[in-house]
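Structure first, then comments.
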There are 2 protein chains.
Amino acid sequence: MDRPQAVEKLVKVFRQYGYEGATLSRISQATGLGKASLYHHFPNGKQEMAAAVLQYVGEWFENTILMPLRSQEEPAQRIRLMSDRLRQFYDCGRSACLLAIFTLGESDDLFHAQVNQMLNAWIDSLAEVMVESGISAKQARLRAEDAVIQVQGALVLTRGLDDTEPFERTLRQLPVNLLEGCHL
Amino acid sequence: MDRPQAVEKLVKVFRQYGYEGATLSRISQATGLGKASLYHHFPNGKQEMAAAVLQYVGEWFENTILMPLRSQEEPAQRIRLMSDRLRQFYDCGRSACLLAIFTLGESDDLFHAQVNQMLNAWIDSLAEVMVESGISAKQARLRAEDAVIQVQGALVLTRGLDDTEPFERTLRQLPVNLLEGCHL
DNA sequence: GTCTATACACCGATAGAC
DNA sequence: GTCTATCGGTGTATAGAC
């Protein structure tokens, strides 16, 4: 078991239980590694594990979800590609978002800067698509924020209602909401 | 210190730290009560404290936020009243939502049913306003869900960006989003 | 109704063998 | 690189005095 493999397991634990709830016991069980082995891969302990998770997810998000937004496809198609990846990433809305989770408790103090940066990266990438579609920078920023709001809110509702439909519907609506008024 | 007073303090702790992060030490400090005293008011311990918090918030939500939706004001005004109460309740978006927090970790297993019920109560109350405004039941339900999505998502973004503007803007937009197409 | 004192499990973390 | 064993601290919970 190398570190990247371990990190993938860690992601699941932190997403399900949050920072405080992600105990070394649960992490040990999820990875199959003993506690001492975990400290071989992450000498600074749980805090480093969470940081590694955040970095891994940040890169995955950048390469898998935001990359389609910068492709040569037409704008609407780029948004649809992002939506498809989001559906996969969040398991149709059943898995929580680390960015939301890490704004709670201790992890907020530790990782607020990274969370802020990742949210802005997402918003900026979305806004760029709209600017290319002829929307003003100011309007593009507002619509991009609204899109992130809708995805995050849909995650909460889908998990709370135990029904993936709100999340699916929100993803379907994204291209329309973002590019309304553009020549499509 | 009687139990209702204690519960009000508990709400803050659970909202800030989540279920697992709300330790008896923090609760003891926040309430000024020793751990043993807490067990006088809540014999079943932390689980009962969280349940009391959820019930208290549920009643407060019902009486303070949903009540205006059933008033005799015109629909748009009812939505505006709800938005004002929401702004107060969530401290302009700086305080997290217990319903979102309790869908994580252990607390999800314990309180999923209550969270589900409270979200549905909110959605139903919103939908009722729209039905009275001439919107079909089906459409009303969809718009109501969207409103909850937007409030929850705006909370995540406002907290993540450390900027209350997205939350404020979302609340301002609610009447328009919900009653678009109605004679206002 | 609140306290001090305490029980016992689990927490994050470390030592050292293999 | 993984393990067993263990540390000091903290977690939830309880006993019993006042």
- Qualifying residues under salt bridge (Lys or Arg N to Asp or Glu O under 4.0 Å), relative to A:R3, sequence neighbours excluded: A:E48
According to side-chain hydrogen bond (donor to acceptor under 3.5 Å, both in side chains), does anything in [range] pair up with another residue at least two apart or in another chain? List the pairs.
range                      : result
residues 99-112 of chain A : A:D108-A:H112
residues 12-21 of chain B  : none
residues 76-87 of chain A  : A:Q77-A:R80, A:R78-A:E132, A:D84-A:R87, A:R87-A:E168

- Task: Name the first nucleotide and the last nucleotide along DNA chain C (5' to 3') that come under 4.0 Å of a heavy atom in chain B.
- Result: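 Extent of the interface on DNA chain C: C:dG1 to C:dT4.
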- Message: Run the side chain to side chain contact (heavy atoms under 4.5 Å, CB included) test against A:M67 and tell me which residues pass, sequence neighbours left out.
- Response: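 Scan of A:M67 (side chain to side chain contact (heavy atoms under 4.5 Å, CB included), adjacent residues dropped) gives none.
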- With sequence neighbours excluded, residues passing side chain to side chain contact (heavy atoms under 4.5 Å, CB included) with A:A147: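 Counting only residues at least two positions away or on another chain, A:A147 forms a side chain to side chain contact (heavy atoms under 4.5 Å, CB included) with A:L126, A:L174, A:L178.
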- Task: Using a cut-off of strictly less than 4.0 Å between a heavy atom of the residue and any atom of DNA chain C, enumerate the qualifying residues of residues 7-24 of chain B by number.
- Result: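 Contacts with DNA chain C under 4.0 Å: none.
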- Item | Which residues share a side-chain hydrogen bond (donor to acceptor under 3.5 Å, both in side chains) with A:Q117, sequence neighbours left out |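 With neighbours one apart ignored, the set is empty.
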- Have B:R70 and B:S125 got a donor and an acceptor in their side chains that come within less than 3.5 Å?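 Yes, a side-chain donor-acceptor pair sits under 3.5 Å.
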- The complete set of ring-ring contact (aromatic ring centres under 6.0 Å, His included) pairs with one or both residues in residues 122-153 of chain B, sequence neighbours excluded, reads B:F61-B:W122
- Query: Atom NZ of A:K35 and atom C1' of D:dG9: how far apart are they, to the nearest Å?
  - Reply: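 Taking atom C1' of D:dG9 as the reference, NZ of A:K35 is at 13 Å.
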- Hey, could you give me each pair passing salt bridge (charged side-chain N to carboxylate O under 4.0 Å, His left out) that has a residue in residues 134-157 of chain B? Not counting sequence neighbours.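 The answer is A:R169-B:E145, A:R169-B:D146, B:D124-B:R141, B:R141-B:E145.
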- Item | Close approaches to DNA chain D from residues 43-51 of chain A, in residue order (heavy atom, under 4.0 Å) | none
